[in-house]
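Below is one structure. I have some questions about it.
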2 protein chains.
Amino acid sequence: MSSATADRPKAAQRIHSAAKDLFHRQGIRATGIEEVCRVAEATKMSLYRSYPSKDALVAAILEEDAAAYDAWFAEATALATAPAEKLRAVIAAIADKLEKPDFCGCPLLLAQAEFRDPGHPTFRLVAAYKSRIRDQLAGLAREAGAADPVLLGDTLAMLIDGAWCSLPYMGGPQAATVLRQSTAAIMDVLGKPA
Amino acid sequence: MSSATADRPKAAQRIHSAAKDLFHRQGIRATGIEEVCRVAEATKMSLYRSYPSKDALVAAILEEDAAAYDAWFAEATALATAPAEKLRAVIAAIADKLEKPDFCGCPLLLAQAEFRDPGHPTFRLVAAYKSRIRDQLAGLAREAGAADPVLLGDTLAMLIDGAWCSLPYMGGPQAATVLRQSTAAIMDVLGKPA
DNA sequence: TCTTGATGATACCGACCGGTCACTTACTAT
DNA sequence: ATAGTAAGTGACCGGTCGGTATCATCAAGA
């Protein structure tokens, strides 16, 4: 067992990844810290040595999620040069995500539904993240020369959030297909100059 | 106080409406039954005399929500005659809903985010409701002569769900405007025969 | 007037939750 | 060998949760 324990990630890391997975799949309120520790094969004391509270653990995970999405957005847009192509690349990347079998929706959007108080840190974090995405989409739409860049950007934002939500009743493949085709159609109409 | 108590709704009714409001605004898991009873000015015993459990109360409210949405859908579409006009009427009615100041999103969609287990009654109820809406939209799209009715219907379904989600970071008025304009554009493109 | 059904008041239960405690184990760097 | 540090163990705390039991109140109808 010595070799197994040697390669084993640190307790804090195990707790972090277990919590991320459980919070995402089951929901944050539905997941107790004892379950997190059991799945992480760690103890509560290890959790509380790394994070001062469950809320702090939640915040750390959601901040990481938001940062990962920012990086992923930058990466997806970096592959293209023209602004319109950047928008298409973002949509394509989201559609690919939707098709992954075990994907169950945007973690940040789900989290916001669990913490609906506008003053709650989680709510604010998600709102800030979504606003950032919204601004980026509108910026690309403006660079692409859309007649009404805010309208195009907000429409894409709506379709993206709608795609996350449609996952449970539409299924990943169909959600991906609809997102791809509807955004293509929308960009044909709203992407042109006035 | 006698006149006040005389006109007062029955305890079961007060509990029902208080729970509906709190579950919608704060979330189901975030609302305890004691808070429901306090707001309803009733006692726990009155609650449990009318409903066998909190889950049953939740189910009753969500079923009522779903039924109300069905009736509201029928009413919105009844005003128009042509299928394309029916679709426009549904979108218009949703946009109006979005603009109401105290509206905070589709109760069923929010509830599903709280109960993510596919086997949970709440999850299933919402999935069934969303599928029904999806079918109705596709049906109207087919009657309207769309080249790909499923694509049009699913696109509209996505935009609608996206509109609910965009409420926190976009605001009701802007969400309504975007929904109106984007659906008009989409129906121009996808609403025509092949 | 007497009954009856609905409601209120309140104390209580067991279970679970987030979080803390004192103490032990095991690895590792010097 | 030793000391420092990360991690584990299991009991425990106060609070809250969903849910129940008992008894009192009170209005309306026979």
Side-chain angles (χ1 to χ4, degrees), chain A residues 1-62 111 114-117 120-122, chain B residues 1-62 111 114-117 120-122:
Chain A
M1 198 183 282
S2 60
S3 67
T5 54
D7 300 357
R8 206 182 185 196
K10 302 253 177 213
Q13 182 54 44
R14 296 200 313 269
I15 288 166
H16 183 97
S17 62
K20 191 167 180 172
D21 180 56
L22 289 171
F23 287 165
H24 187 196
R25 287 209 336 266
Q26 306 184 350
I28 296 168
R29 289 196 129 107
T31 304
I33 53 166
E34 259 161 338
E35 186 179 5
V36 169
C37 293
R38 204 177 56 240
V39 171
E41 289 177 299
T43 60
K44 276 207 274 190
M45 274 319 295
S46 292
L47 193 161
Y48 282 103
R49 268 189 278 258
S50 307
Y51 304 93
S53 66
K54 181 186 181 180
D55 280 352
L57 173 60
V58 170
I61 288 173
L62 292 180
E114 293 197 74
F115 299 92
R116 251 168 268 182
D117 175 5
H120 193 286
T122 296
Chain B
M1 198 182 285
S2 61
S3 66
T5 55
D7 300 357
R8 206 183 187 197
K10 301 261 178 203
Q13 182 54 43
R14 298 199 311 271
I15 288 167
H16 182 98
S17 62
K20 190 167 180 171
D21 181 55
L22 290 171
F23 288 165
H24 187 196
R25 287 207 338 265
Q26 306 183 349
I28 296 169
R29 289 195 128 109
T31 305
I33 53 166
E34 256 161 340
E35 186 179 7
V36 169
C37 293
R38 204 177 54 240
V39 171
E41 291 177 301
T43 59
K44 277 207 276 188
M45 276 318 295
S46 291
L47 194 160
Y48 283 102
R49 270 188 278 256
S50 307
Y51 302 93
S53 66
K54 181 186 182 181
D55 280 352
L57 174 60
V58 170
I61 288 174
L62 291 180
E114 292 197 74
F115 299 93
R116 252 168 267 182
D117 175 6
H120 193 285
T122 296

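All values derive from a computational prediction rather than experimental measurement. The chains referred to below are lettered A, B, ... by the order of the sequence lines, with proteins before strands, and numbering in each begins at 1.
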What are the two closest heavy atoms between B:V36 and B:A18, and how far apart are they? O-CB, 4.0 Å
side-chain hydrogen bond (donor to acceptor under 3.5 Å, both in side chains) against B:D117, all qualifying residues, sequence neighbours excluded: none
Tell me every residue that passes side-chain hydrogen bond (donor to acceptor under 3.5 Å, both in side chains) with A:H24, counting only those two or more places apart in sequence or in another chain. none
Applying side-chain hydrogen bond (donor to acceptor under 3.5 Å, both in side chains), name anything that partners B:Y51, two or more places apart in sequence or on another chain. B:H16
For atom CD of B:Q13 and atom P of C:dA6, their distance in whole Å: 16 Å
Taking salt bridge (charged side-chain N to carboxylate O under 4.0 Å, His left out) as the definition, give me every residue that meets it alongside A:R25, ordered by chain and number, with sequence neighbours left out. A:D21
Please report the end-to-end axis angle for the helix from C:dT1-D:dA30 to C:dT30-D:dA1, five pairs per end, rounded to 10 degrees. 0°
B:K20: side-chain hydrogen bond (donor to acceptor under 3.5 Å, both in side chains) partners, not counting sequence neighbours: B:E64
Between A:I15 and A:S50, is the side chain to side chain contact (heavy atoms under 4.5 Å, CB included) condition met? List the steps. CA-CA 9 Å; A:I15 288 166; A:S50 307; 5.5 Å; no
Does anything in residues 15-26 of chain B come within less than 4.0 Å of DNA chain C? Heavy atoms only, and list the residues if so. none
I'd like a table of donor-acceptor pairs (distance under 3.5 Å, sequence neighbours excluded) in which one partner is a side-chain atom from residues 27-34 of chain A, with atom names and distances.
| unit_1 | atom_1 | unit_2 | atom_2 | d |
| --- | --- | --- | --- | --- |
| A:R29 | NH1 | A:E114 | O | 2.7 |
| A:T31 | OG1 | A:Q26 | OE1 | 3.2 |
| A:T31 | OG1 | A:G27 | O | 2.7 |

Which of residues 27-38 of chain A sit near DNA chain D, with a heavy atom under 4.0 Å from it? none
B:F23: what forms a ring-ring contact (aromatic ring centres under 6.0 Å, His included) with it, not counting sequence neighbours? none
Using heavy atoms and a sub-4.0 Å distance, could you list which residues of residues 44-59 of chain B are near DNA chain C? By number, please. B:M45, B:S46, B:R49
Contacts of B:S53 that satisfy side chain to side chain contact (heavy atoms under 4.5 Å, CB included) - sequence neighbours left out: B:D55, B:A56
Atom pair SG (A:C37) and CZ (A:R14), whose distance is rounded to the nearest 0.5 Å: 10.0 Å
